[in-house]
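Heads up, the thing below is written out as structure tokens.
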Amino acid sequence: MSKTDHDLMNLPKKKFNFMNLVWLVILVAGLFVSINETNTHISVLFENFSQFADIFVQMLNPDWSYLSAVIPLLLETIKMAVLGTAIGSIIAFIYSLFIARNIVKNKAVTGILRFIMNIVRTVPDLLLGAIFVAIVGIGPVAGILALAVFTFGVVVKLFYEAIETIDPGPIEALTAVGANKLQIIWFAVLPQIMTYFISYVLYAFEINVRASTVLGYIGAGGIGLYLQQTLQVFDYAKTGTIIIVIIIVVVIIDYISSKSREALMR
């Protein structure tokens, strides 16, 4: 027996935990109950596979003459993502400073503000889009507002946690010499967390570019509205054009954003 095999044989063994078996049984039982209650059968997918294949083939033969109509809509979608990300990130930046407990010591204030933040974070982007469509009407404004609130929920959670993990030394030093709260934030907090904030904003922008294409389904502007229309009239050649363009743009934006975040975090 080699030394490696001998070491593996002498690895510490974790005792069997009966509760792990109980949880496994509960999860498996829950899976079967869910399948039964939702009447989910994988055979349905294979029964309709020929229809899927036909649609897929039509999408693989896109109508490139439709490209002239797709590009302006795609640019509108990107503009929605940019504006929604910018508005939501600015609000999240300010809000994070009020709920970080190493900045605001009043637990009642931070507790109430965090409760509000958690409520906002529970609302999905499609529901936000539907709400704003009802308020401001069909169009890109509803999409921008929905993305702004969604961005706020994403960035504020990540950012305030980053603030709470910074080195407390500079804050204590400035407090000791009598600096006010704004001076502490400007000279001790921001230099430590700005790279994180920019990284989180870029991450939110990646998500928003994809989310903005879906918001069009509920009338919140962007290319998603035309994607819905082409699907409704079974014009899969035009649908294929839209999907291909969306995929190309999303991949490019994701690549640029990920490389930018990597450079920031070095």
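As the structure is a computational prediction, the values presented were derived from the model and not from experiment.
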Requested in this report: I would like to know whether Asn106 and Thr110 meet side-chain contact (heavy atoms from CB on, under 4.5 Å); could you show each step before the answer?
Outcome: CA-CA 6 Å; Asn106 190 319; Thr110 57; 6.0 Å; no

Report summary line: In terms of heavy-atom contacts, Ser212 and Ala81 come closest through OG-CB, 4.3 Å

Report summary line: In terms of heavy-atom contacts, Gly216 and Gln228 come closest through O-OE1, 4.3 Å

Report summary line: CG of Leu145 to CD1 of Ile135, rounded to nearest 0.5 Å, is 8.0 Å

Report summary line: Here the gap from Trp186 atom CH2 to Leu174 atom CG, rounded to the nearest 0.5 Å, amounts to 14.0 Å

Query raised in the report: Distance from Lys79 atom NZ to Leu74 atom CG, nearest 0.5 Å?
Result: 11.0 Å

Query raised in the report: Short question: side chain of Ser89, backbone of Ala86 - any donor-acceptor pair under 3.5 Å?
Result: no

Query raised in the report: Any side-chain heavy atom of Tyr236 sitting closer than 4.5 Å to one from Leu231?
Result: yes

Report summary line: Of all heavy-atom pairs linking Ala162 and Ile193, the shortest is O-CG2, 3.9 Å

**Report entry** Hydrophobic cluster membership, Val214 vs Ile138, 4.5 Å side-chain cutoff
**Finding:** no

**Report entry** Asp235 backbone acceptor or donor facing Thr230 side chain under 3.5 Å
**Finding:** no

Query raised in the report: Does Glu164 pair with Lys157 as a salt bridge, N-O distance under 4.0 Å?
Result: no

Requested in this report: Determine whether more than 12 heavy atoms belonging to other residues, nucleotides or ligands lie under 6.0 Å from atom OH of Tyr226.
Outcome: no

**Report entry** Greater than 12 external heavy atoms within 6.0 Å of Leu97's CG
**Finding:** yes

Report task. State yes or no: do Val133 and Leu73 share one hydrophobic cluster built from I, L, V, M, F, W and Y residues joined by side-chain heavy-atom distances below 4.5 Å, directly or via other members? Result -> no

Query raised in the report: Can you pull the side-chain hydrogen bond (donor to acceptor under 3.5 Å, both in side chains) pairs that have at least one residue in residues 52-74, sequence neighbours excluded?
Result: Asp54-Gln58, Asp63-Ser65

Report summary line: Taking every heavy atom of Gly143 against every heavy atom of Leu215, the minimum-distance pair comes out as O-CD1, 4.0 Å

Requested in this report: To the nearest 0.5 Å, tell me how far Tyr160 OH sits from Arg101 CZ.
Outcome: 7.5 Å

Query raised in the report: In terms of hydrophobic clusters joined by side-chain contacts under 4.5 Å, are Val251 and Ile223 together?
Result: yes

Report task. Tell me, with the steps shown, if Met117 and Ile99 meet side-chain contact (heavy atoms from CB on, under 4.5 Å). Result -> CA-CA 9 Å; Met117 175 201 71; Ile99 63 175; 3.8 Å; yes

Requested in this report: Sort out for me which residue in Ile246, Ile247, Thr241 forms a side chain to side chain contact (heavy atoms under 4.5 Å, CB included) with Ile243.
Outcome: Ile247

Requested in this report: Return yes if some donor-acceptor pair links the side-chain N/O of Asn36 with the main-chain N/O of Phe32 below 3.5 Å, else return no.
Outcome: no

**Report entry** Phe150 and Ile207, any side-chain heavy atoms less than 4.5 Å apart
**Finding:** yes

Query raised in the report: Are any side-chain N or O atoms of Asn180 and backbone N or O atoms of Gln183, one a donor and one an acceptor, separated by less than 3.5 Å?
Result: yes

Query raised in the report: So which heavy atom on Val156 is nearest to which on Ala92, and how close?
Result: N-CB, 3.8 Å

Report task. Taking the side chain as every heavy atom from C-beta outward, state whether Val123 and Val149 have any pair of such atoms under 4.5 Å apart. Result -> no

Query raised in the report: Roughly how far, to the nearest 0.5 Å, is CD1 of Ile116 from CG of Asn118?
Result: 10.0 Å

Query - side-chain contact (heavy atoms from CB on, under 4.5 Å) between Tyr196 and Ile163, worked out - result: CA-CA 9 Å; Tyr196 292 98; Ile163 295 174; over 6 Å; no

Requested in this report: For residues Asp125 and Leu147, determine if any side-chain heavy atom of one lies less than 4.5 Å from a side-chain heavy atom of the other.
Outcome: no

Query - Pairwise side-chain contact, Ile103 with Lys181, heavy-atom cut-off 4.5 Å (strictly under) - result: yes

Report task. Taking the side chain as every heavy atom from C-beta outward, state whether Pro168 and Asn102 have any pair of such atoms under 4.5 Å apart. Result -> no

Query raised in the report: Would you say Leu158 and Tyr203 make side-chain contact, with heavy atoms under 4.5 Å?
Result: yes

Report task. Please work out which of the three classes, parallel, tilted or perpendicular, describes the rings of Phe159 and Phe93, given edges at 30° and 60°. Result -> parallel

Requested in this report: Kindly work out whether a path of hydrophobic side-chain contacts (I/L/V/M/F/W/Y, heavy atoms less than 4.5 Å apart) joins Val233 to Val70.
Outcome: no

Requested in this report: Supply the atom-to-atom distance Ser260 OG to Ile253 CD1, rounded to the nearest 0.5 angstrom.
Outcome: 11.5 Å

Query - Leu31 and Ile35: CA distance, side-chain angles, deciding distance, side-chain contact (heavy atoms from CB on, under 4.5 Å) verdict - result: CA-CA 6 Å; Leu31 175 64; Ile35 292 172; 4.1 Å; yes

Query raised in the report: Is there a side-chain contact between Gln192 and Pro170 (heavy atoms, below 4.5 Å)?
Result: yes

Query - Residue pair Glu206 / Ser258: nearest heavy atoms and the distance that separates them - result: OE2-N, 3.7 Å

Query raised in the report: Can you hop from Val189 to Leu182 via hydrophobic side chains spaced under 4.5 Å?
Result: no

